[in-house]
Amino acid sequence: MSRKIKIALIGYGYWGPNVARNLFKNEEYEFVVICDKRNDRIKLAKKVYANAVLYTEDYKEILSDATIDAVALAVETSAHYILAKEVLQAGKHVYVEKPFTDNVKDAQELYELASEKNLRIHVDHIMVYHPVIKKIKEIINSGDLGEIIYFDCSRINLGNIKNDVSSMWDLSVHDLSIIDYLTGGAEPLDVMAMGKKAYSCKESIVFLTLKYEKFLANITSSWLSPIKERRLIIAGSKKMLVYDDVDVLNKLIVYDKGFDIEKPVNMEYDEFVIKTRSGDAIIPKLTQGDALYNSLEHFRQCVIQDKESITNAQSAIRMLKILEQADKEL
Ligand SMILES: NC(=O)c1ccc[n+]([C@@H]2O[C@H](COP(=O)([O-])OP(=O)(O)OC[C@H]3O[C@@H](n4cnc5c(N)ncnc54)[C@H](O)[C@@H]3O)[C@@H](O)[C@H]2O)c1
């Protein structure tokens, strides 16, 4: 496809305006319609985009417009499945916010529908398109960290409690997508989770622990924390790194820290000395770029080049399987 991709957005609540801004910024898209069933949200959108796009409260108008190639969904998670299904049935490619759906069965059905119709599904696992995560992937692939021993992820803050999903489905899905991407789709052997429902009918705090064949992952998600943390620690056998997204200056630091195993010459044959190593800390140079812009651009490339998204339905299903398994533990 050589022409511009004609795209519409459904959902202009909290996150939709960010999707709209990035669609508008990308001149390779022809951003044509903003839809929200709430008139107050449409009024807000009109203040920003005036006559640059069309507006509707009825998403069916988008589905029946044969000239629209693709639809971006920024609606509540519980509405993803039904809307994505209708978009695909209308013969359009679909960009869906994370998490893809609220269960594996629906996600599988959408995957099969898209495959049947040769349409693209792109799930906005936004962290995969983040410059810091791209850099971490480079570092891991270069062998600099050695064998990964564990991931320790923390996504905690006060507020924004949701009722249609737990903190784990809302927040930990980001960390699961990071681990999935950095490890080339590794799947856990064991899933453990503990959580607490407070101020919501779903869990507001969850401790999720995963055992993979070669490493462990500990993932905390919480809407009940007095401080904000968006932190990832990866410990490797050679080096370790910390990605602190809240730190404005030093988001990513790679530490030459770990343990060296030595066998002194005068010791018996099975005696070793384990010494801690505390070398330099390096702040790698990062490329600039907006993760959401990159995600939407990747979706566009997939549509024009007729190729699978890195964060396609199958990768999203791997994450949903973990979340469903964890729900049973809760
Ligand atoms: N990628 C990220 O980092 C990120 C961040 C925040 C939210 N999200 C995701 O974005 C999605 C939306 O979250 P939110 O916080 O903006 O929710 P929200 O409730 O603030 O907004 C959803 C909007 O969709 C509209 N809507 C719902 N069903 C509709 C329909 N059938 N037709 C037209 N409009 C409809 C609602 O009226 C509402 O304005 C969720 O899936 C969430 O997980 C992603």
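In listed order, ligands and their atoms are each counted from 1.
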Tell me whether [X] has any N or O atom under 3.5 angstrom from an N or O of ligand 1.
X: K37; answer: yes
X: Y59; answer: no
X: R41; answer: no
X: V75; answer: yes
X: D36; answer: yes

Open item on the list: Please find the pair of heavy atoms, one from K239 and one from R277, that lie closest to each other, and give the distance.
Closed with: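 Heavy atoms of K239 and R277 come nearest at N-NH2, 4.5 Å.
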
TODO: Write down the atom of A52, the atom of F24, and the distance for their closest heavy-atom approach.
DONE: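 Shortest heavy-atom contact: CB-CE1, 3.7 Å.
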
Ignoring hydrogens and angles, state whether a donor on the side chain of [X] or [Y] is under 3.5 Å from an acceptor on the partner side chain.
X: D124; Y: S295; answer: yes
X: T311; Y: Y129; answer: yes
X: D65; Y: T67; answer: yes
X: D327; Y: W169; answer: yes

Task: K98 and T77: CA distance, side-chain angles, deciding distance, side chain to side chain contact (heavy atoms under 4.5 Å, CB included) verdict - done: CA-CA 8 Å; K98 61 82 207 163; T77 303; over 6 Å; no

Nearest to [atom], what protein heavy atom do you find, and at what distance?
atom: atom 24 (O) of ligand 1; result: G11 CA, 3.5 Å
atom: atom 20 (O) of ligand 1; result: Y14 N, 2.9 Å
atom: atom 19 (O) of ligand 1; result: E76 CG, 3.7 Å

Closest by any non-hydrogen atom to [atom]: pick that one out of [options].
atom: atom 43 (O) of ligand 1; options: E97, H80, K98; answer: K98
atom: atom 21 (O) of ligand 1; options: G13, G16, P99; answer: G13
atom: atom 14 (P) of ligand 1; options: Y129, W15, Y12; answer: W15

For [X], counting its heavy atoms only, list the atoms of ligand 1 lying under 4.0 Å from any of them.
X: D124; answer: 1 (N)
X: I126; answer: 1 (N), 3 (O)
X: R38; answer: 37 (O)

Task: Identified salt bridge (Lys or Arg N to Asp or Glu O under 4.0 Å) counterpart of R231 within the set D245, D152, D244 - done: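 Among D245, D152, D244, the one meeting salt bridge (Lys or Arg N to Asp or Glu O under 4.0 Å) with R231 is D152.
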
TODO: Please confirm whether H174 comes under 4.0 Å of ligand 1, counting heavy atoms of the residue only.
DONE: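 Yes.
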
TODO: Have a look at ligand 1 and work out which part of I10, if any, has a heavy atom under 4.0 Å from it: side chain, backbone, both or neither.
DONE: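 Contact part for I10 vs ligand 1: side chain (C-beta onward).
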
TODO: Report yes or no: is the cationic atom of K275 (NZ for Lys, CZ for Arg) closer than 6.0 Å to the six-membered ring centre of F259, at no more than 45° off its axis?
DONE: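 Judged by the rule, K275 and F259 form no cation-pi pair.
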
Task: Stepwise side chain to side chain contact (heavy atoms under 4.5 Å, CB included) check, Y59 with E86 - done: CA-CA 10 Å; Y59 71 89; E86 288 192 47; 2.9 Å; yes

Open item on the list: In this structure, is the centre-to-centre distance between the rings of H130 and Y243 below 6.0 Å?
Closed with: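 Centroid distance Y243-H130: below 6.0 Å, so yes.
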
Task: Sub-4.0 Å protein heavy atom next to atom 17 (O) of ligand 1 - done: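 Under 4.0 Å from atom 17 (O) of ligand 1, zero protein heavy atoms found.
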
